[in-house]
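Heads up: the structure comes next, in structure tokens.
What you see is a predicted model, and the numbers here were worked out from it, not measured in a lab.
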Amino acid sequence: MTTPFSIRETGAPRLLILGGTAEARELAAALAARRGFDVSLSLAGRTRNPLPSPAPTRSGGFGGAAGLAAHLKAERIDALVDATHPFAAIISRNAAQAAQSAGVPLLALLRPQWQCEPGDLWTQAATLPEAVEKLGPAPRRVLVALGRNEVRALEAAPQHHYLVRSIDPVEPPLDVPQASYIEARGPFAEEDERALLAAHRIDAILSKNSGGAATYGKITAARVLGIEVVMVARPVRPEVETVASVGEVLDWLETLRPAL
């Protein structure tokens, strides 16, 4: 539910978090416990039922970089943290442009990406269409771990049987002969992932290199079972100051506080 900014605290530095990730919720919770900042959280609105946050939350886009810059100025935002998903490249670019335009300090919170380890059978792909192509021409049984707004790319390879897992339902269903759907939200334990892969006779996983622990279970399960993972590389992000943990964001805010 969107909470109007007008009812937030006043007199404290105003921080806007661009969220949609576990790290964004963790940061909002940490700042709520510490107090001292007037925090608001913005979600893109792609997930129908986002997890609750301790900070006032708005949902929906700003209208590009110009719209976000206008929002930063209108709401007198003192600092901006981009804690969006590693694949939310457009939002991150808009954040960088808006922060520069509005003269607002910006920090990106970006979880480390997964690394290929001994025993992993990874096939790297630069883009999602390339990843779908690298599944090959022969029919396969593929666990698809993508956002529901990205799965249309699978229709270019209708020969495979897809097991699509997403938080929200895929609507309309894919225009392919064989597809099954699971609605689930992580974290997913490795043992549960092994059971899922075995039960559905999965021989390939199509995944983005999102990083983080919540969905890493499928990667370790694939390693144990000898299943190929076609891994989509992260998109290029803007060159802004970036940290990998909530603690580093809190440290940054403390160093910034005297100037706010």
### Query
Within the distance-only criterion (no hydrogens, no angle test), does the side chain of Ser166 pair as donor or acceptor with the backbone N or O of Pro169 below 3.5 angstrom?
no
### Query
Any side-chain heavy-atom pair from Val104 and Asp78 closer than 4.5 angstrom?
no
### Query
Around atom CD of Glu190, are there more than 12 heavy atoms of other residues, nucleotides or ligands at under 6.0 Å?
yes
### Query
Are side-chain N/O atoms of His200 and Ser180 paired as donor and acceptor at under 3.5 Å?
no
### Query
Backbone N or O of Gln97 within a donor-acceptor pair of the Ser101 side chain at under 3.5 Å?
no
### Summary
All heavy atoms of Ala24 vs all of Gly19, minimum pair found to be CB-CA, 3.5 Å
### Query
In terms of heavy-atom contacts, does CD of Glu155 have more than 12 from other residues, nucleotides or ligands at under 6.0 Å?
yes
#### Entry: Sidechain-backbone polar pair: Asn209 side chain, Trp114 backbone, donor-acceptor under 3.5 Å
yes
#### Entry: Residues Arg141, Tyr162; criterion side-chain contact (heavy atoms from CB on, under 4.5 Å); working and verdict
CA-CA 6 Å; Arg141 298 183 65 85; Tyr162 296 111; over 6 Å; no
### Task
Would you mind reporting whether Glu23 and Arg25 have side-chain heavy atoms less than 4.5 Å apart?
no
#### Entry: Shortest non-hydrogen separation from Leu80 to Ala99 and the atoms involved
CD2-CB, 4.2 Å
### Lys208 side chain near Arg234 side chain, heavy-atom distance below 4.5 Å
no
### Donor-acceptor contact present, side-chain Trp122 to main-chain Val230, <3.5 Å
no
### Message
To the closest 0.5 Å, what do you measure between OG1 (Thr220) and CD (Glu193)?
### Response
8.0 Å
### Message
Working note: Arg152 + Asp175, criterion side-chain contact (heavy atoms from CB on, under 4.5 Å); need CA distance, chi angles, decisive distance, verdict.
### Response
CA-CA 8 Å; Arg152 298 295 154 195; Asp175 186 16; 5.8 Å; no
### Message
With a 6.0 Å cut-off (strictly less than), is the heavy-atom count around CD1 of Ile90, excluding the residue itself, greater than 12?
### Response
no
#### Entry: Glu248 side-chain N/O to Ser245 backbone N/O, donor-acceptor pair under 3.5 Å
yes
### Task
Answer yes if Leu106 and Leu68 sit in the same cluster of Ile, Leu, Val, Met, Phe, Trp and Tyr residues linked by side chain heavy atoms under 4.5 Å apart, and no otherwise.
yes
### Query
Which one of Ile182, Val229, Leu197 satisfies the side-chain contact (heavy atoms from CB on, under 4.5 Å) criterion with Leu143?
Leu197
### Query
Between Arg76 and Arg14, is there a donor-acceptor pair closer than 3.5 Å when you use the side chain of the first and the backbone of the second?
no
### Query
Would you say Leu196 and Leu225 are hydrophobically clustered, going by side-chain heavy atoms of ILVMFWY under 4.5 Å?
yes
### Query
Can Arg223 and Asp120 be counted as an ion pair, charged N to O under 4.0 angstrom?
yes
### Query
Does any N or O in the side chain of Arg140 come within less than 3.5 Å of the main-chain N or O of Asp203, such that one atom is a donor and the other an acceptor?
yes
### Under 3.5 Å: donor-acceptor pair, side chain of Arg111, backbone of Pro86
no
### Message
Can you see whether Thr123 engages Glu228 through a side-chain donor-acceptor pair at a distance of less than 3.5 angstrom?
### Response
yes
### Query
Is the number of heavy atoms from other residues, nucleotides or ligands under 6.0 Å of Glu117 CD greater than 12?
yes
### Query
Do you know the tightest heavy-atom contact between Gly20 and Leu43?
N-CD2, 3.3 Å
### Query
Between Thr84 and Asp82, do the side chains contain an N or O donor and an N or O acceptor separated by less than 3.5 Å?
yes
### Task
Using a 4.5 Å cut-off on heavy atoms from C-beta on, say whether the side chain of Leu163 contacts that of Ile202.
yes
### Task
Check whether any side-chain heavy atom of Leu15 lies under 4.5 Å from a side-chain heavy atom of Leu253, and answer yes or no.
yes
#### Entry: Separation between NE2 of His85 and CG of Leu110, rounded to the nearest 0.5 Å
10.0 Å
### Query
Any side-chain heavy-atom pair from Leu154 and Val151 closer than 4.5 angstrom?
yes
### Message
Whether the side chain of Thr21 engages the backbone of Ala83 through a donor-acceptor N/O pair (distance < 3.5 Å, no angle test) should be reported.
### Response
yes
### Task
Return the minimal non-hydrogen interatomic distance between Ala65 and Ala98, and the atom names on each side.
O-CB, 3.4 Å
### Message
Between Thr242 (side chain only) and Val240 (backbone N and O only), is there a donor and an acceptor less than 3.5 Å apart?
### Response
yes
### Query
In the single-linkage hydrophobic clustering (I, L, V, M, F, W, Y; side-chain heavy atoms under 4.5 Å), do Leu107 and Leu256 co-cluster?
yes
### Query
Should Leu16 and Ser42 count as side-chain neighbours, where that means a heavy-atom distance under 4.5 Å?
yes
### Val144-Tyr181 co-clustered via ILVMFWY side chain contacts under 4.5 Å
yes
### Task
Look at the side-chain heavy atoms of Ile, Leu, Val, Met, Phe, Trp and Tyr, link any pair under 4.5 Å apart, and say whether Ile17 and Leu250 land in one connected group.
yes
#### Entry: Arg165 NZ/CZ over Phe188 ring centroid, <6.0 Å and within 45° of normal
yes
#### Entry: Side-chain heavy atoms of His160 within contact of Gln178, under 4.5 Å
no
